[in-house]
Amino acid sequence: MSCYLGIDLGTSGAKALLMDTAGKILATASAEHPIAAPRPGWSEQKPDDWWRSATQAVRRALHRAKVDPADVAAIGLSGQMHGLVLTDGDGEVLRPAILWNDQRTAREAAEIERAVGGRRNLVKMVGNAAMTSFTLTKLLWVRRHEPRVYERARHLLLPKDYLRLRLTGEYVGDVSDMSGTLMLDQEKRDWSGPILEKFRIDRELLPPVVESHEITGRLTKPAARQLGLKPGVPVVGGGGDQPVGAVGNGIVAPGLASATLGTSGVMYVHSREYRADPESRVNTFCSCVAGQWCLFGCVLSAGGSLQWFRNTLAQSEMQQARREKRDPYELLTAQAAEAPLGAGGVFFLPYLTGERTPYADPFARGGWIGLQAGTTRGQLIRAVLEGVTFAMNDALQLLKAAGVRIRQIRLSGGGARSPIWRQMQADVYGAPCAVVNADEGPAYGAAILAAVGAGEFRSVAQACKALVQVAETIQPGRAARARYADYYRQFTRLYPALSDEFPRLQALTENGR
Ligand code: ADP
């Protein structure tokens, strides 16, 4: 029987997943790859290391699934977004990849917006503002600081597209991942002529772009040998890990959104029409559904806030969890559940690593406010959960303001493991929430895209309908929803009241005083 292979190239490692035609996961496996910070704020990886971890993960998954390699009918790719890979004409990598979280390009980001006459103009051209994450900033940095590398470069690829090159020998990108380069006209789903002209970028440097389910090439003999597969297996376009993860959650039709609470939090919605926030407080990308889009906002310290609490202030729970072989997060959320809704008027600002949506403020800081002599530990923890959920709701409000209709929000990530946090999300978002059967994220989405490319399903939407099932729905409580609306309104007043102070706090600590 046929099966499909999804490969997700993450920042810390590669993950491979094998799925049968009914969507059942046969096996998953991962392998790590190193990350280097040659200077403060820099973040680089060697594409060769990606290939090594990906081949390891695939071999392990094949071994675990005990499938006949000849049954693997197609391969889908997903990957960390924005990373810049440059190769020469022979596909030799010219310098380590500059990753999404590399911070060296603040100057280039500012220059890009200035060159096109401001942020709003850039958003009109490519759907997003210039952030240091985005690929064009990295390309301009290389041109300025490493002109010899730039001169020799013949192909620009994103991380997962480098894997494709190794798998098939083809230089191809897909519209969802390339949406994060600042060079794609998302409405046309092709390279932006005006941007390439403005920044004097040779179109030949950029690969052709396809939709995520389209076949881009076939497994070469040497690659097949390394992976333990048969040559000739088709490899589909795939996409960036956010949009491909959305496929794994079935967020591929209008009205569907997802709230993912991992270390960071992402509020994501599918849109049949192209829409972009003129201020770019939320991002717009091409989705993995042909001819459709997605919008999303990112909360930097979501689960990360609770993790900080656990690591810093929960030694006793950590010990108890070890003794009783339980999850410390369960012990913490149980205490939060004992505290009343609204945490007795205590609020937590989750800006532990600055904030992206909605404030785009690297200086923002976290904190509790509203403490009283009677404040309990449970209230402090509850305030953390509520503060993170309010911050996610900030992103949701921006998505709604962009004009997208939302009828169901699918919850995923570590935070969705907690029933308390699930109900809290439904109450705060004021929308029906759901949890789906498979929470394997982008690797699962990549396998689904492979199945569509191989003709197993007519479309991505049809595949998701057949494969992704809602396991549980959570309705907002009427009374809780109304009370949270009041608390949320108060929450939204706190950042503006403090925002002028954050750069001062930064300056104080920077000067070492
Ligand atoms: P990552 O983003 O690092 O890939 P996860 O999606 O697993 O990780 O999310 C990790 C976060 O999920 C943790 O920081 C924590 O805040 C939260 N989390 C994990 N397990 C639970 C739980 N049982 N209850 C509440 N939150 C949890």
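Numbering of ligands and ligand atoms starts at 1, following listing order.
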Filtering R422, R417, E330 for the heavy atom nearest atom 19 (C) of ligand 1 leaves R417

Show me which atoms of ligand 1 lie under 4.0 Å from any heavy atom of G413.
6 (O)

Measure centre to centre between the rings of Y351 and F502, then say whether the value is under 6.0 Å.
no

In terms of ring plane angle, is the pair Y484 and Y487 parallel, tilted or perpendicular, where the classes change at 30° and 60°?
perpendicular

D327, portion touching ligand 1 at heavy-atom distance under 4.0 Å
side chain

Thinking salt bridges, do R104 and D102 make one under a 4.0 Å N-O criterion?
yes

Under the 3.5 angstrom rule, does the side chain of N249 hit a backbone N or O of I251 as a donor-acceptor pair?
no

Any nitrogen or oxygen of L306, main chain or side chain, under 3.5 Å from a nitrogen or oxygen of ligand 1?
no

For atom 27 (C) of ligand 1, the option (of S12, G414, G262, G304) bearing the nearest heavy atom:
G414

Nearest protein heavy atom to atom 4 (O) of ligand 1: under 4.0 Å?
no

For the residue pair W308 and F348, does the interplanar ring angle fall in the parallel (under 30°), tilted (30 to 60°) or perpendicular (over 60°) class?
parallel

Looking only at protein heavy atoms, what sits closest to atom 1 (P) of ligand 1 is T263 OG1, 3.6 Å

